[in-house]
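Working notes, structure below.
Side chains are part of it too, since the values below use all heavy atoms of this structure and drop only hydrogens, waters and symmetry mates. All ligand and atom numbering here is 1-based and tracks the order in the structure.
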Amino acid sequence: MDILGMYPTFYMPWIGSAWVMGIIGVIHVVASHTSVGAAFLFALLETKAYRENKPELMDFIQRYGKFLLVFSYIVGSVTGVGIWYAITIASPRGTAGLIHSFVWVWAAEWVYFTVEVIGVYALVYLIGKIDRLTHLKVTWAFALASWATMLLIVGIISFMMWPGNDAWYQTGSTNDAFYNINFFAHLGVRTGSMLVMATVVGLIVTAGMKDKSEALRRSVVRTLTPIGLIGGAFSAIMFFYYLQTLPYNARVMLDAHLLPQYAAGMIAVVAVTVAYLVFAWWRPLWVTTWIAVPLFLFIAIVGVWPEERMRESMRKPYVAGQYIYGNQVIARDVPGKGIKGEVDIIAEKGLLKVHPFIPDRLRTITPGNQLEVGRLLAKISCANCHALEAGAPLRSLPDKFHGATDKDLIAAFINGPLKHGAVPYMPRIDLPAEEVQAIAAFLADANAHREGGTAQSPSTAAVPVAAANKE
Ligand code: HEC
């Protein structure tokens, strides 16, 4: 094997492709969880309307259904396609790896999604036009199809974390991948939280129903809020179960980097959501648009962003199945799929020789092109997780070296912990000496030209060396 099956590297300055993916993903999760959760709220409410003969509840379902058609389905579909595009350029091999395991799961999901979209139209436009029992069956079919799309996707994204056993590596079978160790826990977290999202959005819809009777608004709010609270409690319990199903690298990342940053926000979201739902139950008519919309935004942004960020970060250094690193290098052999690890080949031959998308003039390092090669190598090896600009928000690489301008110090880190795979959340990156020198020269230069001043003091710059010396 002379050339590895790599793709061109897509680099998004400052925020990296990770944040592009994260922003699209958060919008998608909010839209899709709201619509799947709402499908269940509709089914439960309509069952109540049918059993207790309260046809006026159907007014709410119709209005919420139209709201979903305009917002959730359009935003959800557009961002769904956006996710495909973003992951394909950000992580082409991760995406290819998933397709090789899950192509029929995606096909099945598409079928359920089609049923869901037809279902929501049928639900909204057939109210009052077909008999009530048939309509109730349509609504339940819509709810189950919606949840099926979530169930199928959760199998895939939990496999991205890890299969959790050795079977899949040996068999490569879709079942071993899909029923991975954190599938049920993850499905539980999302199923509970979709009910919360749908309740919170449902309160926006009820707040807008000023033209309807107070009795109807009260009855809707009093039915929705307990469902939201029970969903939230279930989601919280499943979250603790989920934590037990994580791999070692994820726990390190969680304890060392994520919880210190996000724990306060997560507790705040839970507290505010519980207080809000209890308040709404107590005073259903006090929930105005001015309260409902900001609370929705707060829960969506402060709740979903850290959740998605954490799931993405905890997977580090891998993007999928603990065999494809974030930087697209294959981390290990997967006999079940005929896949071979690539770290050692790269160490022996050098990335410049085995990567297909290196311009010919950069394949050999010279004093004249060293910085340019260093930048390209850093882009390929590190930029999936680190921005290359000083001060950039996505774990800026110059900042991670604390502004160091000393090439040897930077090279010592790469030749130490990175080469030996000693950092649990970073790939093992083992490169020939001259390639390490090029990356180090580029980073030292980036720090020497930091905007707004000089490099930081030598005492902080010494931190990575201390880490390297532990080796
Ligand atoms: C798959 C993702 C990934 C890749 C690829 C990656 N890193 Fe990291 N790196 C991380 C994470 C995650 C952290 C933890 C810090 C954080 O979250 O802010 C980190 C931290 C660091 C630190 C700070 C020391 C520490 O242990 O926290 C340095 C220095 C660093 N990376 C250098 C590099 C260099 C140089 C490359 C490329 C040759 C690279 N990284 C490639 C994910 C990655």
Paired with Ser313, the side-chain hydrogen bond (donor to acceptor under 3.5 Å, both in side chains) test is passed by just one of Arg395, Glu308, Gln261, namely Arg395
Give a yes or no on whether Cys382 keeps an N, O or S atom under 2.8 Å from atom 8 (Fe) of ligand 1.
-> no
Would you say Tyr425 has an N, O or S atom lying under 2.8 Å from atom 8 (Fe) of ligand 1?
-> no
Would you say ligand 1 has an N or O under 3.5 Å from any N or O of Ser381?
-> no
Does any N or O atom in Lys400 lie less than 3.5 angstrom from one in ligand 1, N or O only?
-> yes
Nearest option to atom 12 (C) of ligand 1, as decided by whichever heavy atom of Lys379, Met253, His402 sits closest | Met253
Name the option, out of Leu397, Asp399, Ile429, that contains the heavy atom nearest to atom 32 (C) of ligand 1.
-> Leu397
Regarding Tyr169 and Gln322, is there a side-chain donor-to-acceptor distance under 3.5 Å anywhere?
-> no
Are a donor atom and an acceptor atom from the side chains of Ser396 and Glu389 found within less than 3.5 Å of each other?
-> no
For ligand 1, does Tyr318 get within less than 4.0 Å through its side chain, its backbone, both, or neither, judged by non-hydrogen atoms?
-> neither
Does ligand 1 have a heavy atom under 4.0 Å from the side chain of Leu418, from its backbone, from both, or from neither?
-> side chain
Subset of ligand 1 atoms that lie under 4.0 Å from at least one heavy atom of [X]:
| X | result |
| --- | --- |
| Pro427 | 1 (C), 3 (C), 4 (C), 5 (C), 6 (C) |
| Phe413 | 28 (C), 29 (C), 30 (C), 32 (C) |
| Cys385 | 1 (C), 2 (C), 3 (C), 4 (C), 5 (C), 42 (C), 43 (C) |
| Pro317 | 1 (C) |

Should the pair Tyr179 and Phe183 be assigned to parallel (<30°), tilted (30 to 60°) or perpendicular (>60°) ring geometry?
-> perpendicular
Using 30° and 60° as the class limits, which term best fits the ring planes of Trp168 and Phe159: parallel, tilted or perpendicular?
-> perpendicular
Say whether, by atom type as modelled, one donor and one acceptor occur between the side chain of Arg375 and the main chain of Ala438 under 3.5 angstrom.
-> no
Give a yes or no answer on whether the side chain of Arg309 reaches the backbone of Gly22 with a donor-acceptor pair at less than 3.5 Å.
-> no
When you draw lines from atom 8 (Fe) of ligand 1 to SD of Met426 and to NE2 of His386, what angle lies between them, to the nearest 10°?
-> 170°
Trp305: which of Phe298, Tyr262, Trp19 passes ring pair (Phe, Tyr, Trp, His ring centres under 6.0 Å) = Trp19
Shortest non-hydrogen pair, Arg450 vs Gly403, comes out as NH1-CA, 3.8 Å
